[in-house]
Amino acid sequence: MKQAPSIPISGERLTTDFYQQATATVAKALIGKAILHRVGAVWLGGWIVETEAYLHVRDPASHSARGLTASNRSMFQAPGTLYVYPIHAKHCLNAVTESAGQGAAVLIRAIEPVWGTERMQSHRGPVNMRRLTAGPAMLCQALDIDRRDDGRSLTHDPDLGIFEASEVPPRAVATTRRIGISKSAHRMLRFVDPQSPFLSRPYRKK
DNA sequence: ACTACGATTACCT
DNA sequence: GGTAATCGTAGTG
């Protein structure tokens with residue numbers, strides 16, 4: 001009988017209670033948590049170091065701002081749903097927040113690679129470790145997550161989830177403007193571990 | 001059918 | 001620092 005290998009970390013999976021908090025709260029609290037995806041026998045993942053909040057009200061930058069469509073429907077599913085969308089021939093991954101029908105999510109932009117780094121390197125090609133998962137599309141490619149994974153559950157899928165890291169001390173969190181958007185560009189809804197060398201852009205205190 | 005555009009990235013000076 | 005590549009969406013006719 002085939003048994004799925006258990007996660008390579010001692011810690012609790014984040015549950016619906018976590019994701020249904022206010023989106024900016026979730027985005028900030030995700031810094032220092034572990035995201036894990038099992039591909040074959042190998043767990044891929046690392047510590048989350050950079051996130052952005054996309055709100056369900058008064059946020060024109062959010063994909064939900066113009067309502068439900070065929071392509072953003074999983075953003076309106078239950079909190080803890082994975083929302084994967086294509087952009088510039090690449091993919092980005094989000095965790096749905098608030099409650100079903102709202103359309104709010106946290107974009108996970110960068111992680112510190114920890115588990116399955118050799119396998120992630122094979123997905124990404126020959127890049128420096130610093131560039132392995134230092135951006136939302138780099139992260140998806142390394143974790144082997146694409147549109148086919150849209151709608152999976154971060155709270156119930158045995159091969160995918162985000163976990164509390166009991167053995168790692170809490171990290172500092174700094175707040176900045178979101179990256180790469182034109183609407184609502186002034187809002188401070190990006191959260192980073194300012195010390196991390198694995199950010200999509202280095203943190204600069206203003 | 002055609003067009004414009006984007007929550008990006010790699011590569012250039 | 002700047003910019004070209006790339007393709008799925010969404011809006012228009």
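Keep in mind that this is a model prediction, so the values were computed, not measured. The sequence lines fix the lettering, A, B, ..., with proteins before strands; numbering per chain opens at 1.
A sub-4.0 Å separation between OP1 or OP2 of B/dA10 and a side-chain N or O of A/Arg124 is present. Proximity of A/His88 to the phosphate of C/dG8: no side-chain N or O atom is located under 4.0 Å from OP1 or OP2. Phosphate contact (OP1/OP2 of C/dA10, side-chain N/O of A/Thr69, threshold under 4.0 Å): present.
If you take CG of A/Leu55 and P of B/dA7, they are 15 Å apart, rounded to a whole angstrom. Atom CD1 of A/Ile145 and atom C1' of B/dT8 are 17 Å apart (whole Å). One atom, CZ of A/Arg201, and another, C1' of B/dA10, lie 14 Å apart when rounded to the nearest Å. Summarising the geometry, the separation between NE2 on A/His63 and P on B/dG6 is reported as 10 Å, rounded to the nearest angstrom. The interatomic distance linking A/His186 (NE2) with B/dA7 (C1') rounds to 16 Å, in whole Å. Remark: P of B/dC11 and CG of A/Asn128 are 13 Å apart, rounded to the nearest angstrom. Separating the CG atom of A/Leu93 from the P atom of B/dA7 is a distance of 16 Å, rounded to the nearest angstrom. Across the protein-nucleic acid pair, A/Ile108 atom CD1 and B/dT8 atom C1' stand 17 Å apart, rounded to whole Å.
Closest to the side chain of A/Pro86, from the set C/dG8, B/dG6, B/dA7, is C/dG8. Between C/dG8, B/dA7, C/dT6, one nucleotide has an atom nearer to the side chain of A/Ala89 than all others, and that is C/dT6. Closest to the side chain of A/Met138, from the set B/dA7, B/dT9, C/dA10, is B/dT9. For A/Asn94, the listed nucleotide lying nearest its side chain is B/dA7; candidates were B/dA7, C/dA10, C/dT9. Which of B/dT9, C/dT9, B/dG6 sits closest to the side chain of A/Ser182 comes down to B/dG6. When each of C/dT9, B/dA7, C/dA5 is scored by its nearest atom to the side-chain atoms of A/Arg147, the top-ranked nucleotide is C/dT9.
Aromatic stacking of A/Tyr54 on B/dA7: satisfied, with centres closer than 5.5 Å and planes within an angle under 30 degrees.
Under the 6.0 Å distance and 45° angle rule, A/Arg178 counts as a cation-pi partner of A/Tyr54.
For the pair A/Arg13 (side chain) and A/Leu154 (backbone), a donor-acceptor distance under 3.5 Å is present. Checking side-chain atoms of A/Thr51 against main-chain N and O of A/Ala27 turns up a donor-acceptor pair under 3.5 Å.
Among the atoms of the strands shown, only primed sugar atoms or phosphate atoms (P, OP1, OP2) are found under 4.0 Å from some heavy atom of A/Ile181. At a threshold of 4.0 angstrom between heavy atoms, the contacts of A/Ala61 include nucleobase atoms, whether or not backbone atoms are also involved.
At most 12 heavy atoms of other shown residues, nucleotides or ligands fall within 6.0 angstrom of atom NZ in A/Lys28. Counting heavy atoms of neighbouring residues, nucleotides and ligands inside a 6.0 Å radius, atom CZ of A/Arg201 does not exceed 12 of them.
In plain terms, the two heavy atoms of A/Leu143 and A/Val39 that are nearest each other are O-CG2, 4.1 Å.
Pairing of B/dT8, defined by two Watson-Crick or G-U wobble distances under 3.5 Å, is identified with C/dA5.
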